[in-house]
Peer 1: 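Below you will find the structure I want to go over with you.
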Amino acid sequence: MGRYRVRVATGSFAFSGSNNQVRLWLVGLRAEAELGLRLRLSRGQMEDFEVDVSEDLGPLLFVKLRKTHLLLKDAWFCNHITVWVFQESTEEKEIMFPCYRWVQGDGIICLPEATAWMMRNEVQGLFQKHGEEELEERRTLYRWATWKEGLPLSVAAASEKDLPLDVRFHEGKKIDFEGTLAAGMMDIALKRLYTLLNSWKSLEDFDQIFWGSKSALAKRVHQSWKEDDFFGYQFLNGVNPTLLRRSTSLPTRLVIPPELEGLQVQLERKLQEGCLFEADFSLLAGVQANVIQGERQHLAAPLVMLKMEPDGKLLPMAIQLQPPCSGSPDPPLFLPSDPSLTWLLAKAWVRNSDFQLHELQAHLLKTHLVAEVFAVATMRCLPGMHPIFKLLIPHLRYTLEINTRARTKLISDGGIFDQVVNTGGGGHLDVLRRATACLTYRSLCPPYDLADRGLLGIPSALYAHDALRLWDIISRYVQGIVHLYYSEDKVVQSDPELQAWCQEITEIGLCGAQERGFPVSFQSRAELCHFVTMCIFTCTAQHSGINQGQLDWYAWVPNAPCTMRKPPPTTKDVTLEMVMATLPNVHQACLQMTIAWHLGRFQPDMVPLGHHKEEYFAGPGHKAVLNRFQEDLNTLEREIVARNKGLDLPYYYLQPSRIENSITI
Ligand SMILES: CCCCCC(=O)/C=C/C=C\C/C=C\C/C=C\CCCC(=O)O
Ligand SMILES: [Fe+2]
């Protein structure tokens with residue numbers, strides 16, 4: 001009773017093809033029919049067939065498929081199945097069945113038609129039932145786990161091998177990830193051998209390990225790291241642009257001794273002029289420092305006061321390395337007028353503290369771990385035909401695996417933090433706990449975060465400028481998609497899956513984050529759009545802004561030491577021996593360089609923001625919204641390239657072509 005053309009598309013990465021057999025059925029509202037095709041499931045190929053079906057299937061709802069094998073099971077990555085129904089006239093109707101996952105065992109997989117969500121209350125509840133069964137299965141595959149109390153929940157997986165195949169690295173990514181790590185370890189061995197034969201007494205001796213792949217900006221850091229404006233610049237546009245705030249009063253912890261009355265006057269003047277800024281690392285106060293190979297390491301919790309010059313340069317005015325403590329003498333204030341080594345060591349302490357808050361709070365917690373909560377909740381609460389699932393899933397690729405690897409190799413017992421970072425050995429978990437306890441919804445949304453920190457309208461704040469532009473572009477994209485599916489607020493309010501997703505993120509994954517402004521429900525389309533914009537911004541732009549800089553700013557170790565081996569200075573008598581004894585030793589410095597390069601370098605299989613190949617949606621409405629998104633990103637790309645041409649230090653971490661579509665590293 002009908003003639004159909006069927007296209008089967010296989011994924012194009014390694015091992016996507018399969019030698020097993022696959023049986024296909026077309027399932028219509030009235031009947032279903034097995035197609036009896038012999039498929040060759042070749043990597044990167046599309047196969048087309050024409051078939052005649054004797055029954056009247058009615059409107060097509062699903063394609064069903066089942067993989068069978070004789071001897072060896074051979075997984076198959078199916079991109080999608082497309083069916084064209086020959087109408088009486090010559091017009092053909094195209095129906096898409098997106099898949100984009102592995103077909104593994106010999107169970108039946110049911111792919112709903114791409115527009116199924118719009119018809120979920122029709123067709124005898126068949127789509128509704130399919131969605132419920134899908135979620136029941138996913139909830140057993142993706143379970144929450146408490147890795148450590150006080151942190152956001154994570155996916156239950158002791159190692160990446162426990163993760164479902166659909167969220168594992170593809171083979172090429174795995175080989176690249178593990179191969180470059182192995183190459184990095186070789187580099188460390190060579191550098192250690194080389195430095196054994198030479199002295200390690202002066203800052204220039206770090207040059208002995210400053211070879212191998214490094215970026216142009218890393219070379220510039222090597223050249224300019226001692227300069228005050230370079231130090232200040234990093235708070236605006238470096239690897240961690242998330243801490244700086246414009247001062248609204250002099251911080252209470254800042255104790256200015258009577259002999260520095262002049263400083264007090266200067267600070268107050270700058271405050272009144274609105275150009276006084278601060279970077280306060282109090283979150284680190286009292287955190288236990290690591291013991292590495294029997295040697296106690298040391299931590300500080302600095303406060304830096306900075307002034308903004310009319311030309312946009314941010315210059316440090318004073319550094320207090322520890323907060324005042326009752327019963328102890330007031331901590332000294334270090335000043336640009338101090339002896340050069342003293343001032344340099346004070347700045348190095350700040351850079352070490354910034355390393356901790358950057359990696360643990362800004363990077364790990366506020367991008368990786370938060371994105372993992374979005375990923376697990378999405379897999380557990382939203383069926384594949386849900387528009388928010390389709391919108392988000394490209395932005396969640398590889399996040400569960402990279403985070404699982406971080407829990408087993410980076411912040412684990414004996415991991416990289418324990419080996420070479422002064423918060424390691426448990427202090428790093430305390431920092432993460434403290435940062436989790438003060439994680440707010442506003443801080444994940446640049447329009448609020450930058451306003452709260454007083455960083456709007458500053459021409460030299462390039463991260464702030466680009467982040468706001470990207471927020472607007474992503475927001476327009478999200479709104480475009482959401483409005484295609486939610487015609488009014490009531491549709492949002494009455495979407496039980498969406499509401500459950502929101503609640504699961506805030507109450508379960510983020511462990512009761514409603515206290516810190518995260519929503520537990522969506523009452524309007526605007527609330528939904530804002531939240532989804534935050535999700536996509538976090539998984540893409542924010543991670544890129546925070547991740548890429550590791551390559552540039554962490555390669556020259558004195559600019560961002562991973563550990564400090566001696567206590568912070570309490571007087572201004574500082575010698576070169578003290579500086580060298582404080583900064584990381586050769587092994588620590590080499591491991592920092594290798595890991596920073598490994599995590600910060602360009603990823604060979606990188607998908608730029610908005611350029612994923614998967615087509616989960618069908619219809620012209622969605623294509624127009626996606627095209628507009630890509631055009632907006634191109635416009636911003638051109639603006640940033642043009643802007644950077646005129647800059648001494650170009651800022652490119654938020655250039656759209658460099659932003660990854662998800663957190664993959
Ligand atoms: C010692 C310097 C480098 C510290 C890097 C860092 O702290 C990064 C934190 C944020 C997120 C980490 C994400 C992924 C890392 C996963 C695994 C890295 C370990 C590599 C390995 O040995 O497999
Ligand atoms: Fe990262």
Side-chain angles (χ1 to χ4, degrees), residues 11-16 75 77 100-104 138-148 151-182 184 359 363-380 384 389 392-412 415-417 432 509 535-536 538-540 542-544 546-548 550 595 597-609 612-614 659-665:
S12 52
F13 46 85
F15 305 120
S16 294
F77 193 91
Y100 302 108
R101 55 193 149 113
W102 290 100
V103 179
Q104 279 180 284
R138 286 227 220 100
R139 286 197 190 110
T140 63
L141 285 174
Y142 299 90
R143 283 175 297 105
W144 292 111
T146 302
W147 183 65
K148 298 282 177 205
L151 303 192
L153 299 195
S154 54
V155 65
S159 86
E160 67 278 3
K161 297 188 182 77
D162 296 337
L163 292 169
L165 197 52
D166 286 331
V167 293
R168 295 289 316 270
F169 287 173
H170 292 156
E171 197 59 22
K173 166 87 174 172
K174 178 170 174 264
I175 291 171
D176 174 70
F177 186 88
E178 292 173 358
T180 47
L181 256 180
E359 291 293 21
H363 188 190
L364 194 56
L365 174 68
K366 291 177 76 174
T367 64
H368 281 256
L369 298 187
V370 165
E372 179 166 1
V373 169
F374 305 153
V376 177
T378 300
M379 298 314 273
R380 290 174 58 82
F389 179 93
L392 281 183
I393 197 72
H395 304 295
L396 303 172
R397 184 178 87 131
Y398 290 163
T399 304
L400 296 182
E401 172 147 357
I402 191 63
N403 284 8
T404 304
R405 285 178 183 263
R407 279 188 291 274
T408 55
K409 294 272 169 32
L410 183 71
I411 50 173
S412 49
I416 289 165
F417 263 75
L432 278 170
C535 293
I536 297 180
T538 301
C539 297
T540 60
Q542 185 64 3
H543 179 256
S544 287
I546 295 299
N547 192 73
Q548 287 179 55
Q550 294 176 106
I595 300 297
W597 173 73
H598 178 56
L599 300 180
R601 96 208 135 95
F602 178 82
Q603 295 297 299
D605 70 341
M606 180 270 191
V607 176
L609 175 58
H612 45 278
K613 298 274 186 305
E614 300 89 342
I659 297 177
E660 271 214 77
N661 211 32
S662 64
I663 299 179
T664 73
I665 190 70

Peer 1: Out of Lys409, Arg405, Lys173, which one pairs with Glu178 under the salt bridge (Lys or Arg N to Asp or Glu O under 4.0 Å) rule?
Peer 2: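 The residue from Lys409, Arg405, Lys173 that satisfies salt bridge (Lys or Arg N to Asp or Glu O under 4.0 Å) with Glu178 turns out to be Arg405.
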
Peer 1: Which pair of heavy atoms, one from Cys535 and one from Leu392, lies closest together, and at what distance?
Peer 2: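 Cys535 and Leu392 have their closest heavy atoms at CB-CD2, 4.1 Å.
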
Peer 1: Using atom types as modelled and distance alone, determine if a side-chain donor or acceptor of Gln603 lies under 3.5 Å from a backbone N or O of Arg601.
Peer 2: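 Side chain of Gln603 to backbone of Arg601: a pair is present.
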
Peer 1: Verify, without hydrogens or angle tests, whether Asp162 (side chain) and Ala156 (backbone) share a donor-acceptor contact under 3.5 angstrom.
Peer 2: no

Peer 1: Is the shortest heavy-atom distance from the side chain of Val155 to the side chain of Glu401 under 4.5 Å?
Peer 2: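 A side-chain contact under 4.5 Å is absent here.
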
Peer 1: Do Val373 and Trp144 come close enough that some side-chain heavy atom pair is under 4.5 Å?
Peer 2: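 Heavy-atom side-chain distance check passes, below 4.5 Å.
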
Peer 1: May I have the step-by-step check of side chain to side chain contact (heavy atoms under 4.5 Å, CB included) for Asp605 and Phe13, ending in yes or no?
Peer 2: CA-CA 10 Å; Asp605 70 341; Phe13 46 85; over 6 Å; no

Peer 1: Does any N or O in the side chain of Asn403 come within less than 3.5 Å of the main-chain N or O of His368, such that one atom is a donor and the other an acceptor?
Peer 2: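 Looks like yes, one N/O pair under 3.5 Å.
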
Peer 1: Gln550 side chain to Asn547 main-chain N or O, any donor-acceptor pair under 3.5 Å?
Peer 2: yes

Peer 1: Apply side chain to side chain contact (heavy atoms under 4.5 Å, CB included) to Ile411 and Leu364, showing your working.
Peer 2: CA-CA 10 Å; Ile411 50 173; Leu364 194 56; 3.7 Å; yes

Peer 1: Checking Ser544 side chain against Glu660 main chain: does a donor-acceptor pair fall under 3.5 Å?
Peer 2: yes

Peer 1: If you compare all heavy atoms of Thr538 against all heavy atoms of Ile663, which two are closest, and at what distance to 0.1 Å?
Peer 2: O-CD1, 4.1 Å

Peer 1: Look only at the side chain of Ser16 and the backbone of Phe77, and say whether a donor-acceptor pair between them is shorter than 3.5 Å.
Peer 2: no

Peer 1: Evaluate the ring planes of His543 and His363, with Trp represented by its six-membered ring, and classify them as parallel (under 30°), tilted (30 to 60°) or perpendicular (over 60°).
Peer 2: tilted

Peer 1: How about Arg143 and Val376: do any of their side-chain heavy atoms sit closer than 4.5 Å?
Peer 2: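 SC-SC contact between Arg143 and Val376 ruled out.
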
Peer 1: Look only at the side chain of Arg168 and the backbone of Glu160, and say whether a donor-acceptor pair between them is shorter than 3.5 Å.
Peer 2: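 Side chain of Arg168 to backbone of Glu160, a donor-acceptor pair under 3.5 Å: yes, one is there.
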
Peer 1: Is there side-chain contact between Gln548 and Phe602, with heavy atoms separated by less than 4.5 Å?
Peer 2: no

Peer 1: Given 3.5 Å as the limit, does a donor-acceptor pair link the side chain of His395 with the main chain of Asn661, or not?
Peer 2: yes

Peer 1: Taking all non-hydrogen atoms of both residues into account, name the closest pair between Glu359 and Phe417 and its distance.
Peer 2: CB-CZ, 4.2 Å

Peer 1: Closest approach of Ala158 and Thr408, non-hydrogen atoms and distance?
Peer 2: O-CG2, 3.2 Å

Peer 1: In sequence, state the C-alpha distance, the side-chain angles, and the governing distance for Arg397 and Glu614, and then conclude on salt bridge (Lys or Arg N to Asp or Glu O under 4.0 Å).
Peer 2: CA-CA 12 Å; Arg397 184 178 87 131; Glu614 300 89 342; 6.0 Å; no

Peer 1: Tell me if a side-chain donor or acceptor on Arg138 pairs with a main-chain N or O of Arg380 at a distance below 3.5 Å.
Peer 2: no

Peer 1: Test side chain to side chain contact (heavy atoms under 4.5 Å, CB included) on Phe177 and Ile402 and set out the steps.
Peer 2: CA-CA 10 Å; Phe177 186 88; Ile402 191 63; 3.6 Å; yes

Peer 1: Is the backbone of Ser154 close enough, under 3.5 Å, to the side chain of Glu372 for a donor and an acceptor to pair up by distance?
Peer 2: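 Pair absent, no side-chain N/O of Glu372 close to backbone of Ser154.
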
Peer 1: Stepwise, does the side chain to side chain contact (heavy atoms under 4.5 Å, CB included) test hold for Asp176 with Phe169?
Peer 2: CA-CA 10 Å; Asp176 174 70; Phe169 287 173; over 6 Å; no

